[in-house]
Amino acid sequence: AMLVDSALQMEASRANSPRAEALVKELVRVEATNRVAHVLLGIAAFKAGRFADAEAHFKGGGTHPIGELTNVLARAWILQAQAKTDEALAVLDAPKLPDWASTFVRYHRALLADLGGRASEARASYSRISKNDQRILRVALAYARHAANAGDAKLGQSILKGYFERIKGEGHPYPRALLREMESRIRTPLHVTSASEGMAELFYGLGELLAGEPVPAAGDPVTLRLGLVFLQFSLRLSPDATFPLLALAGAQETAKRYGAAIDAYDRVPKGTPLAVAVDVSKALNLNQLERVEEANTLLVDLARRHPHDIRPLEALGNIMRAHKRYAEAAEYYGKAIALIAKPETRHWTFFYARGTCYERLKKLPQAEA
């Protein structure tokens, strides 16, 4: 059972659905209560509209907190798919879960209540999370969309501005884009617009959490592998979702599967606010695969198309410096520094990196400066 379970997780983490489905059948014969098998079967039944079967697969689940949390939230979304909002919310009231899980439950309660037309209940849940921590990106985005969708764009804007203040930086491109959207008074849809998207959000959130666990110096840790499995489950429900794809790419990088990370980045829809960051990350993975000239070509073209963006130039400098091409690296760092109107403390790395390049080139006065 242990070997089949490991094989199933490995195939599922690579989205090899035919092989995973064959292994599920084998696994439930030798270990009828295996949770990963039942999660995969539950998702398949949910997608096919066989909601009673789906709920049966998500019932029970042993004593592991992740398993309990998965089952509770999945059952709530299965009920919501049948427009049973009261029953779905009641499922979320029942469990006694650890304190860390309460944010997940409140977040999904808010999403579910909003989808079920319970805007006031959704706002109460968002407000409770926000009082504890306004730095959670997905919560900030969902709460802001909730407010704007309910006709309170002013509250939506204040939520996003509060997020920027708390993280003390420019923040993620998505909330900046959403803020511009609200200011232009474009109709703002909810963060989750269907039960299927809600279920996908569940597996994205848990997958990102698991994949983000610290990785030992050697080996393929169980949490990382399970995180990859959950992210693939999310993408099975919502194949083009940007955030799960980015989390999947990041998890593949952690696992040193750089080709798989590039494949995930290639699936991110074009034209998103993250387009530049995606291409920079793709180039860094090409570099890890020793495909340096491909990385260089990608970044040079990116810098040409986005002449005021410092990130491609920084990546070019870092790659060239890592390969001891110090003259080219110094040139790219110089171009990046030229884009900084007023240097601040946070820009020290550009000057330091250029200084190390000058030092290696024996240009000691420039290095010291």
Side-chain angles (χ1 to χ4, degrees), residues 135 137 163-177 211-212 214-218 246-247 249-259 261-262 264-265 268 272-369:
R135 293 172 296 174
L137 174 61
Y163 164 77
F164 292 135
E165 288 172 7
R166 281 165 179 77
I167 62 168
K168 301 188 185 303
E170 294 182 1
H172 198 279
Y174 259 85
R176 293 204 302 273
V215 180
L246 293 174
Q252 300 287 24
E253 289 169 350
T254 301
K256 302 189 188 312
R257 300 178 188 166
Y258 303 114
I262 291 169
Y265 284 126
V268 175
T272 73
L274 290 165
V276 174
V278 165
D279 279 347
V280 168
S281 296
K282 183 179 172 181
L284 294 174
N285 281 278
L286 287 169
N287 179 59
Q288 289 286 354
L289 293 170
E290 298 297 333
R291 292 158 63 180
V292 180
E293 294 312 317
E294 287 180 65
N296 185 64
T297 299
L298 174 60
L299 290 169
V300 167
D301 180 63
L302 194 62
R304 180 186 58 78
R305 289 186 285 113
H306 301 274
H308 302 294
D309 198 314
I310 205 168
R311 291 170 293 176
L313 296 169
E314 179 182 18
L316 281 163
N318 291 343
I319 289 172
M320 293 301 107
R321 183 162 62 110
H323 289 278
K324 301 183 179 181
R325 291 161 63 169
Y326 299 116
E328 293 168 85
E331 182 181 353
Y332 287 127
Y333 289 131
K335 289 179 178 178
I337 289 168
L339 291 178
I340 303 170
K342 184 180 178 183
E344 299 174 8
T345 304
R346 61 192 173 94
H347 296 123
W348 72 270
T349 52
F350 295 100
F351 294 95
Y352 177 80
R354 188 169 63 168
T356 63
C357 292
Y358 283 146
E359 185 269 329
R360 292 303 179 95
L361 293 167
K362 309 298 183 186
K363 296 182 177 181
L364 301 186
Q366 292 99 313
E368 186 175 352

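Being a predicted model, the structure only gives us computed values, none of them experimental.
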Item checked: Arg354 side chain reached by Tyr358 side chain, heavy atoms, under 4.5 Å ->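 Tyr358 reaches Arg354 side chain to side chain.
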Notebook entry, point to check: So, do Val268 and Leu274 sit near enough that their side-chain heavy atoms are less than 4.5 Å apart?
Noted result: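 They are not in contact (no side-chain heavy atoms under 4.5 Å apart), so the answer is no.
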Determine the minimum heavy-atom distance between [X] and [Y], stating which atoms define it.
{"X": "Asn287", "Y": "Ala295", "value": "N-CB, 4.1 Å"}
{"X": "Pro173", "Y": "Pro273", "value": "CB-O, 3.4 Å"}
{"X": "Val292", "Y": "Met320", "value": "CG1-CE, 4.2 Å"}
{"X": "Ile310", "Y": "Ala336", "value": "CD1-O, 3.4 Å"}
{"X": "Leu302", "Y": "Val276", "value": "CD2-O, 3.8 Å"}

Who pairs with [X] by salt bridge (charged side-chain N to carboxylate O under 4.0 Å, His left out), at least two apart in sequence or on another chain?
{"X": "Glu328", "result": "Arg325"}
{"X": "Glu294", "result": "Arg291"}
{"X": "Glu368", "result": "none"}

Who are the side chain to side chain contact (heavy atoms under 4.5 Å, CB included) partners of [X], not counting sequence neighbours?
{"X": "Ala249", "answer": "Ala264, Tyr265"}
{"X": "Ala327", "answer": "Leu361"}
{"X": "Ala322", "answer": "none"}

Kindly compute the distance separating [atom1] ([X]) from [atom2] ([Y]), expressed to the nearest 0.5 Å.
{"X": "Ile262", "Y": "Glu253", "atom1": "CD1", "atom2": "CD", "value": "9.0 Å"}
{"X": "Phe350", "Y": "Leu339", "atom1": "CZ", "atom2": "CG", "value": "9.0 Å"}
{"X": "His172", "Y": "Leu137", "atom1": "NE2", "atom2": "CG", "value": "5.5 Å"}

Check: Between Tyr332 and Arg321, does a side chain to side chain contact (heavy atoms under 4.5 Å, CB included) hold up when you go through it step by step?
Finding: CA-CA 10 Å; Tyr332 287 127; Arg321 183 162 62 110; over 6 Å; no
Notebook entry, point to check: Would you say the side-chain atoms of Asn285 pair up with the backbone N or O of Ser281, donor to acceptor, closer than 3.5 Å?
Noted result: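 Confirmed, Asn285 side chain pairs with Ser281 backbone.
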Note to self: Going by side chain to side chain donor-acceptor pair (under 3.5 Å), name the residues that satisfy it together with Asn296, two or more places apart in sequence or in a different chain.
What the structure shows: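 By the side chain to side chain donor-acceptor pair (under 3.5 Å) rule, Asn296 matches no residue at all.
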Notebook entry, point to check: Sequence neighbours excluded, which residues qualify as side chain to side chain donor-acceptor pair (under 3.5 Å) partners of Tyr326?
Noted result: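 Result, side chain to side chain donor-acceptor pair (under 3.5 Å) vs Tyr326: Arg360.
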Notebook entry, point to check: Tyr352: what forms a ring-ring contact (aromatic ring centres under 6.0 Å, His included) with it, not counting sequence neighbours?
Noted result: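 ring-ring contact (aromatic ring centres under 6.0 Å, His included) list for Tyr352, sorted by chain: Trp348.
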Notebook entry, point to check: Considering the options Leu313, Leu316, Leu286, which one meets the side chain to side chain contact (heavy atoms under 4.5 Å, CB included) requirement together with Leu299?
Noted result: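 The single option meeting the side chain to side chain contact (heavy atoms under 4.5 Å, CB included) with Leu299 is Leu316.
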Notebook entry, point to check: What side-chain hydrogen bond (donor to acceptor under 3.5 Å, both in side chains) pairs are there with at least one residue in residues 306-318, not counting sequence neighbours?
Noted result: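 Sorted result for residues 306-318: Asp309-Arg311, Asn318-Tyr333.
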Notebook entry, point to check: Got a sec, which pairs hit salt bridge (Lys or Arg N to Asp or Glu O under 4.0 Å) with one end in residues 274-283, sequence neighbours left out?
Noted result: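 The answer is Asp266-Lys282, Asp279-Arg305.
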